[in-house]
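Quick notes on the structure that follows.
Just so you know, these numbers use all the heavy atoms, side chains as well, and skip hydrogens, waters and symmetry mates. Keep in mind that what you see is a predicted model, and the values were worked out from it rather than measured. Numbers restart at 1 for each chain; the letters A, B, ... are given by sequence-line order, proteins then strands.
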2 protein chains.
Amino acid sequence: MPPKSIQRTPEQKAPAAKATIADVAREAGVSKATVSRFLNHGDKLLSADIASRVESAIASLRYTPSPMAQSLKRGKSGLIGLVVADVANPYSVAVLRGVETACREAGYLVILFNISNDREREQEAIAALSSYQVEGFILNTSGYMPSKSRKPDHYGKPAVLVDRRHADMQEDFVSLDNASAMAMAVDHLVEAGYRELLFVTQPLSNVSSRIERETAFRNCIAGRTSKVNGASHENAEDDAEALEQALRRLVKPGPGTRRSRRPAIITGNAVMTLRVAAVAARLGLQLGKDLGLIGFDDAEWAPLIGPGITTIAQPTDELGRMAARCLIERIEGFNLPPRQILLSGRLTARGSTMQE
Amino acid sequence: MPPKSIQRTPEQKAPAAKATIADVAREAGVSKATVSRFLNHGDKLLSADIASRVESAIASLRYTPSPMAQSLKRGKSGLIGLVVADVANPYSVAVLRGVETACREAGYLVILFNISNDREREQEAIAALSSYQVEGFILNTSGYMPSKSRKPDHYGKPAVLVDRRHADMQEDFVSLDNASAMAMAVDHLVEAGYRELLFVTQPLSNVSSRIERETAFRNCIAGRTSKVNGASHENAEDDAEALEQALRRLVKPGPGTRRSRRPAIITGNAVMTLRVAAVAARLGLQLGKDLGLIGFDDAEWAPLIGPGITTIAQPTDELGRMAARCLIERIEGFNLPPRQILLSGRLTARGSTMQE
DNA sequence: TTGTATGCGTTATCAG
DNA sequence: CTGATAACGCATACAA
């Protein structure tokens, strides 16, 4: 057996060292500039003869331009920076999916930065991404830096916000239409005979989507001339205790109150839905009977918990795609005023909000 | 009011144009080379005086080196390419999270490429990532290209595989210890009195983790001298029908069989767990009573479906971190033989596998 | 239509 | 210890 020399993949003669534009130029017997022209303007500026020579040289060398070098030269990179508040959050991930797809289809790649809900790191994320010459940002963050009490700097690059609005927002904004989604939820509950409503949310703490939903909820209640009661409960991460209290209070109203007022809960997102379902189970409350439940965000498990949980699904994939498209439009030069794109949710009725 | 000139952020005198190494050199009254030395070797090669001058120039100009330019020069980018079979899969996402964290901590950023379970696009993903000079790949893919019937080319860059093993694997491999996890599952069921076992999985179709689990299942059954029966069922994406048949057959054994043989199902992942739970509900089967159920992958909803579903949790975050660490070790030059890192799962018993 | 020369922001190789 | 200077791979103004 002959001593095995340099490893080579079967179908590739040249060593792995990537071909550069200079190699192509040499192979085709032209200058680097000519090759560059072919790359950027096709055969518009070249004679047919030379164009084809360059073309076949590129093919035979399997040449691919280096985005890095291009980026350095042009100041643009084909990269889009995505900053996510928390990759553990299914919502973020669902959006991420749409974003990645749309970007790739448009020839961009996504660099991901997760800040694990640490607001202080938003600026760090943007800076890191920016140094990689990303051409724009998609932000699913609060946009608020407590310690600095100012907005993060976007380095003059376009950005689009998803789900979370920023103060004095100059950017495009893509989100669920929270007001009408909440209206759907309340209407649905009232129609099903529920009269004592509780909105349960994670702490509002400057997260615009939570605030919008809470506000919409109050408006819905206030707007009803009929006898619907409503209250909100902010539930901290670890405070199952408080949540249990709130449920107890909701279900077993004080003395002197008729029991004709059926109680129901609206949860602000899937996380809270799960928590409420857990507490309800612990208290022995039957969903759809002792307690109505409708939650923002649809999840695969929603049909399977108890009698099935009624949800308002967000068009997450579409939200992500929209965000990406907005950003790319701006990147490619259209200079539009800030837009707000509000997509509507879809209600799926299940056992947890049964008619009386 | 004076005509407002160029917009400037309050605390930043210079225009937004990012400072370069040349700016710093000028500001400090030294050469670019000197600044570069300071950047790369600290003050080891510089006189204290000059070092401090450079240092303050950097600070006052808020200078940050351009990774792009560095990358061009050094041939390394600080980027790691992550190719995910399907971002819609909670498992992928959970791993992604660990990967992102570990990479960032080590000073790398992650570029994400999702191939939506399209095996043909694995090579495309790797090529795209490679052109961005990523320093290595983390792959959660099949590594198998049906149409080409060969393995994707990694361009000589290090790669680590997560969850899915490739043929003739030369790469590091990080995964759940499927064999012992399956053993745990079977032991648990047998101990709880179940005797008629069915393993339900998505189609094996060359996905190594599915194959390993199925094989492990068969081995477990074969290894038992006692009277435990076992069978496997591959369930296609859209075939609820077949799944229902399988459940029916499992629960209602043919004539002449004693009913002392309690039936139970082991699901290969969370997706299948949900599907089985749905079908069981439709058939009116009580989990933990008429039918045992234990599933791979723990999810937040597991405790809430029916009497709670027993699961085997994968240490997803740790898997991601491990993968990242392995890759980074290789990137930074340690030339080790291929390793396999198998992490064990954790069983959480819930109502769906109650004792008789 | 094509080639030459220059520069993008860094790092490395030389001298000094 | 420090400073010119030449690459890295590419795109473009300018010259031919």
If you look at every heavy atom in B:Tyr132 and A:Ser77, which pair is closest and at what distance? OH-O, 2.7 Å
With a 4.0 Å cut-off on N to O distance, would you call A:Arg330 and A:Asp172 a salt bridge? yes
Sort out for me which residue in A:Val174, A:Val162, A:Leu319 forms a side chain to side chain contact (heavy atoms under 4.5 Å, CB included) with A:Ile341. A:Val174
In terms of side-chain geometry, is the basic nitrogen of B:Glu329 or B:Arg339 positioned less than 4.0 Å from the acidic oxygen of its partner? yes
Sugar-phosphate or base contact per nucleotide [nucleotides 5-14 of chain D; S, B, -; heavy atom under 4.0 Å]: --BBBBBBB-
Between atom CD1 in B:Ile58 and atom P in C:dT10, what is the gap in whole Å? 10 Å
Whole-Å distance between C:dT2 C1' and A:Asp43 CG? 15 Å
Using whole Å, report how far CG of A:Leu46 lies from P of C:dT2. 5 Å
Roughly what angle, to 10°, lies between the helix axis at the start of the helix from C:dT1-D:dA16 to C:dG16-D:dC1 and the one at its end, five pairs per end? 50°
Which heavy atom in B:Tyr63 sits nearest to a heavy atom in B:Thr20, and how many Å separate them? CE1-C, 3.5 Å
For A:Ser92 and A:Val84, which heavy atoms make the closest approach, and how far apart are they? CB-CG1, 3.5 Å
When rounded to the nearest 0.5 Å, the distance separating CG of B:Leu45 from OG of B:Ser36 is 10.5 Å
Would you mind reading off the distance between B:Phe38 atom CZ and D:dG3 atom P, rounded to a whole angstrom? 14 Å
How close do A:Val87 and B:Arg97 get, heavy atom to heavy atom, and via which atoms? CG2-CG, 3.6 Å
Expressed as a whole number of angstroms, how long is the span from B:Arg53:CZ to D:dC1:C1'? 13 Å
